[in-house]
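Just so we're on the same page: letters track the sequence lines, and every chain starts at 1.
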Amino acid sequence: MSTERYNAKTVEPKWQAAWDDAQVFKAERDTREKYYVLEMFPYPSGRIHMGHVRNYTMGDVVARYKSAQGFNVLHPMGWDAFGMPAENAAMEKKVHPGDWTYKNIDDMRTQLKPMGLSIDWSRELATCDPEYYGQQQAMFIDMMEKGLVYRKEAVVNWDPVDMTVLANEQVIDGKGWRSGAAVERKELTQWFFKISEYSEELLEAIETLNDWPEKVRIMQANWIGKSQGLQFRFDTIGAPEGFEALDVYTTRPDTLYGASFAAISCDHPLAKALEAKNTELAAFNADCRKSGTSEEELEKAPKLGFDTGITVTHPFHTDWKLPVYVANFILMGYGTGAIFGCPAHDQRDLDFARKYDLVVTPVVCPEDQDPDDFTVGDEAYVGLGRMINSDFMNGMTIDAAKDAAINKIADLGRGAGKTQYRLRDWGVSRQRYWGCPIPVVHCETCGIVPEKKENLPVELPKDVNFETPGNPLDRHPTWRDVACPKCGKPAKRETDTMDTFVDSSWYFARFTAPRADTPTVKEDAEYWMNVDQYIGGIEHAILHLLYSRFFARAMNITGHLPQKAIEPFNALFTQGMVTHETYSTPGPDGRPVWRTPDEVRFAENGAVLIETGEPIDVGPMIKMSKSKKNVVDPEDIIDQYGADTARWFVMSDSPPERDVEWTASGAEAAWKHLQRVWRLTAELLENDETTKSNADLEKDLTKATHRCIDEVTRGIEEFAFNKSVAALYQFTNVVAKSKADGAAKRQALLTMSQLMQPMTPHLAEEVWQAMGGKGMVAEAAWPKANPDLLVDDTVTLPIQINGKRRDEIEVPADLAKNEIEKLALENAAVQKALDGGSPKKIIVVPGRIINVVV
RNA sequence: GCGGGCGUGAUGGAAUGGUAGACAUACCGGACUUAAAAUCCGGAGGCCGUAGCGCCGUGCGGGUUCAAGUCCCGCCGCCCGCACCA
């Protein structure tokens, strides 16, 4: 017997060429029902990684499956091509960010194509193409016209040595990553999208996103952060002119009688006003401002306060005075940037009060406690209860007290109930080169003037250098100086570019008409939108998805998307990450030097660096990332085993939503299995006629086939590809062991190749062809399971006694409940347990279980 | 700090509230081979020496239920996000 080995190296390119020639994956509008499947597009780092392989294989499984079901499938690919890494490369390697990026795109396309994805490559786009970002500029101008864009002052991280703005990522322990200088906060006038105006709408519409993961919907809702509260005014004593009142916002107006201090942010106008005369406060504020701008950093910092000496009077009792502190944990961006502190019922306030020795008065008492004895120690009480120590509110529930307090404040004319959102407007200004230029001109006469549409795209100048830190656009000799589009006088271009999140907030719409000279084309958007299935990492659960949802609404307002597309993603699947251990050696400055897995060897006494033998610190299993170098190169796997093996492996074992840990042995196992499938095929080709027909055996094989169809189909439908793979493993065992005749086995393998096609398309074509399938399996219709073949005549039912499994009986599948009960009571184990008595209770779940309670 | 998630054999994992560990990896044994690889067949959660109709077992502690990996409450650990990383 000469069973040839399956050779992926020759087979895979052959079928890829065949698909290309037949244009199998080209998507054109037609009369069929469409299906748009999209994976989050990659940043062109230069190498694909296992996360990409997993992401795009998942999408490909869905695309091929839907196509087999008769849908007109759109499955495109593009590049999220603007961003900081290109500028870093420019600084480090003295290459132009554009050259670097396009080279990376070429490299990654070259690595991606051998995966055999069912992508319509004619729709490929890159966000750094003027063809793309020019349309983005047009939309920016449309959004300006509709009042969706404005400018305001906002803080950035400022590196005083490099004289440049830093991203949060570039601030390490409060210092600039290159200069090492202590980072300062600096206010700049920046461009914003009015996303916060859509807070309520974005929140309410979450309920319509039925096919999104619950966790993402919760995270988005919490991010928008709607709260009902009270905004009211304190009267101040001893404050500078203009600050006779201090507005605060609270979600706990019920606790007003527990107030013991007021606190304002160091960026609050009052804090700034006080700085001038109070050097100590100025120093304190400066200290506060030294921390980065990230919310995480602010909230984690030890609570610090500075007593301003100013007091405010309690709104309900004007002779009751509260001190006003500047505190480092108050965010200027939320509410009014000022609060009142009720230590007994807020942990942060309590920590603060203990530190500065302020009064702690409980005003909510749990129902099961005596109000006279109830005190608060080191833990604030945040649960339910009745009001105490609260004058007119005493005895009320929290909710009733909230209403009462708000009404009283309103009666006093000091404020009103207010709905507040945590969501802030979207700052899109970036003081960087490698991004989409904001298409406006600053004219001394006309002010801010949008560029004329016919002058778009405002292209990035090519002649820039990165020798000096900062934004090269800012110091470009000619690009910056232009004539005002309105009056023609000398003016200056805006040198800020857009946040790369803008680029990724509408690419899904652009894919429906990627070459159009308008952002979208009505008919195409109408036909292809929405994305039926969107697939990507959980790390994008909030920002990217929320921005995209906002952008779709904005594009509807500006006429670039139909109303039905304001929620652009019908179904969302968030895949887990591909993780790997990290490896590092200590660097000269004490910071770890990260090492790639192929720089590391595992010896008996632990991991060592191959080059020098130095010991390696093995870090935890974390998301594969370039910065930590814990990356495995899929190209090596594809080289060694072929794309089908890589695809089969990433679909095996781990449920798609969970993290998967890369292992070499897993790839080996996948390869062995694919070889086995081919061996079965090849053996059958040679021995087809030798086996004799046997109706029972053939029926068994047919039943196994239909069970497999059912399980694989359900697995794909419910995004449990690992279960589909397991069903195929099992089915392969059945086929291998079956003694059914050649024709029956041939049929089983034809079906198997159809079921494997979404995961391992090349091998599937080869098996399909060998078994005499018509045309290409990529174009064959998905098999249907015959329900009659899925049920067995008899079932085995476990018998439990008091919930513990003691025996089992085999009964006809359609046996009536009372008959099963009768049989169960006759069972020896049950008889023994009953010991002559009668059962207390007997539960029969047909097809499942019998439980006898004695 | 805040928000969200996850936790099952040596390992990845399976299990509409109904036989926990399907399927796979690693491991052990056998067949084939001069030998190895490959392939095929078989074994296997733990404990009790053997043995049973035995006991224990889904991060930890409680609870609901005839029945809990699954539902509820409280912990612990790990991971993701926190608005200028993409």
Is there, by distance only and without an angle test, a donor paired with an acceptor across the side chain of [X] and the base of [N] below 3.5 Å?
{"X": "A:Lys300", "N": "B:rC2", "value": "no"}
{"X": "A:Glu295", "N": "B:rC82", "value": "no"}
{"X": "A:Asn168", "N": "B:rC84", "value": "no"}
{"X": "A:Gln431", "N": "B:rC84", "value": "yes"}
{"X": "A:Asp653", "N": "B:rG12", "value": "yes"}
{"X": "A:Gln190", "N": "B:rC84", "value": "yes"}

Expressed as a whole number of Å, how far does the [atom1] atom of [N] sit from that of [M]?
{"N": "B:rA67", "M": "B:rG18", "atom1": "P", "answer": "14 Å"}
{"N": "B:rC47", "M": "B:rG62", "atom1": "P", "answer": "24 Å"}
{"N": "B:rG13", "M": "B:rU8", "atom1": "P", "answer": "8 Å"}
{"N": "B:rU58", "M": "B:rC85", "atom1": "C1'", "answer": "37 Å"}
{"N": "B:rG17", "M": "B:rC28", "atom1": "P", "answer": "39 Å"}
{"N": "B:rU19", "M": "B:rA68", "atom1": "P", "answer": "11 Å"}
{"N": "B:rA10", "M": "B:rG45", "atom1": "P", "answer": "11 Å"}
{"N": "B:rG77", "M": "B:rU16", "atom1": "C1'", "answer": "31 Å"}

Any Lys/Arg nitrogen of [X] or [Y] sitting under 4.0 Å from an Asp/Glu carboxylate oxygen of the other?
{"X": "A:Lys186", "Y": "A:Glu153", "answer": "no"}
{"X": "A:Arg217", "Y": "A:Glu214", "answer": "yes"}
{"X": "A:Asp496", "Y": "A:Arg432", "answer": "no"}
{"X": "A:Arg185", "Y": "A:Asp267", "answer": "yes"}
{"X": "A:Arg707", "Y": "A:Glu711", "answer": "no"}
{"X": "A:Lys355", "Y": "A:Asp351", "answer": "no"}
{"X": "A:Glu39", "Y": "A:Arg54", "answer": "no"}

- Message: With a 3.5 Å distance limit and no angle check, can you tell me whether A:Ser654 reaches the backbone of A:Val650 through a side-chain donor-acceptor pair?
- Response: no
Which part of the nucleic acid, if any, lies within contact of [X], taking any heavy atom under 4.0 Å across all strands shown: a base, the sugar-phosphate backbone alone, or nothing?
{"X": "A:Gly427", "answer": "sugar-phosphate"}
{"X": "A:Ile843", "answer": "base"}
{"X": "A:Lys737", "answer": "sugar-phosphate"}
{"X": "A:Gly666", "answer": "nothing"}
{"X": "A:Arg658", "answer": "sugar-phosphate"}
{"X": "A:Ser294", "answer": "sugar-phosphate"}
{"X": "A:Val852", "answer": "nothing"}
{"X": "A:Val853", "answer": "sugar-phosphate"}
{"X": "A:Ser504", "answer": "nothing"}
{"X": "A:Pro655", "answer": "sugar-phosphate"}
{"X": "A:Trp426", "answer": "nothing"}
{"X": "A:Arg217", "answer": "nothing"}
{"X": "A:Asn733", "answer": "sugar-phosphate"}
{"X": "A:Leu423", "answer": "base"}

- Task: For A:Lys226, check side chain to side chain donor-acceptor pair (under 3.5 Å) against everything at least two apart and list the hits.
- Result: A:Glu200
Send over the distance from [X] [atom1] to [N] [atom2], rounded to a whole Å.
{"X": "A:Asp346", "N": "B:rC2", "atom1": "CG", "atom2": "P", "answer": "10 Å"}
{"X": "A:Lys832", "N": "B:rG52", "atom1": "NZ", "atom2": "P", "answer": "13 Å"}
{"X": "A:Ile809", "N": "B:rC53", "atom1": "CD1", "atom2": "C1'", "answer": "17 Å"}
{"X": "A:Ile538", "N": "B:rG3", "atom1": "CD1", "atom2": "P", "answer": "17 Å"}

At less than 4.0 Å, is any side-chain N or O atom of [X] found next to OP1 or OP2 of [N]? Yes or no.
{"X": "A:Lys723", "N": "B:rA15", "result": "yes"}
{"X": "A:Arg676", "N": "B:rC40", "result": "yes"}
{"X": "A:Lys215", "N": "B:rG5", "result": "no"}
{"X": "A:Arg424", "N": "B:rC82", "result": "no"}
{"X": "A:Ser652", "N": "B:rA24", "result": "no"}
{"X": "A:Asn222", "N": "B:rG4", "result": "yes"}

- Task: Please tell me which of A:Thr796 and A:Val216 maps to the more 5' nucleotide of RNA chain B, matching each residue to the nucleotide holding its nearest heavy atom.
- Result: A:Val216
Between [options], spot the one nearest the side chain of [X], thanks.
{"X": "A:Leu543", "options": "B:rA22, B:rC82, B:rC85", "value": "B:rC82"}
{"X": "A:Lys804", "options": "B:rC84, B:rC56, B:rA86", "value": "B:rC56"}
{"X": "A:Phe501", "options": "B:rA83, B:rA86, B:rG3", "value": "B:rA86"}
{"X": "A:Tyr547", "options": "B:rC80, B:rG18, B:rA83", "value": "B:rA83"}
{"X": "A:Met84", "options": "B:rC85, B:rU19, B:rC23", "value": "B:rC85"}
{"X": "A:Asp659", "options": "B:rC79, B:rG81, B:rA24", "value": "B:rC79"}

Using atom names, set out every protein N or O paired with an N or O of nucleotides 29-31 of chain B below 3.5 Å, distance rounded to 0.1 Å.
none

- Task: Grab the two heavy atoms, one from A:Val712 and one from A:Ala727, that are nearest each other, plus how far apart they are.
- Result: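 Nearest pair, atom of A:Val712 first, then A:Ala727: CG2-CB, 4.2 Å.
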Looking just at side-chain N and O atoms, do [X] and [Y] make a donor-acceptor pair shorter than 3.5 Å?
{"X": "A:Asp425", "Y": "A:Ser196", "answer": "yes"}
{"X": "A:Tyr334", "Y": "A:Ser227", "answer": "yes"}
{"X": "A:Gln220", "Y": "A:Arg549", "answer": "yes"}

- Message: Syn or anti for B:rG9, given that syn means the glycosidic angle lies within 90° of 0?
- Response: syn
- Message: For the aromatic rings, using the six-membered ring if either is Trp, is the centroid distance between A:Phe41 and A:Trp79 under 6.0 Å?
- Response: no
- Query: So what's the dot-bracket for RNA chain B: Watson-Crick or G-U pairs under 3.5 Å, [ ] if a pair crosses, | if it pairs off-strand?
  - Reply: (((((((..(((.....[....))).(((((.......))))).((((...).)))..(((((..]....))))))))))))....
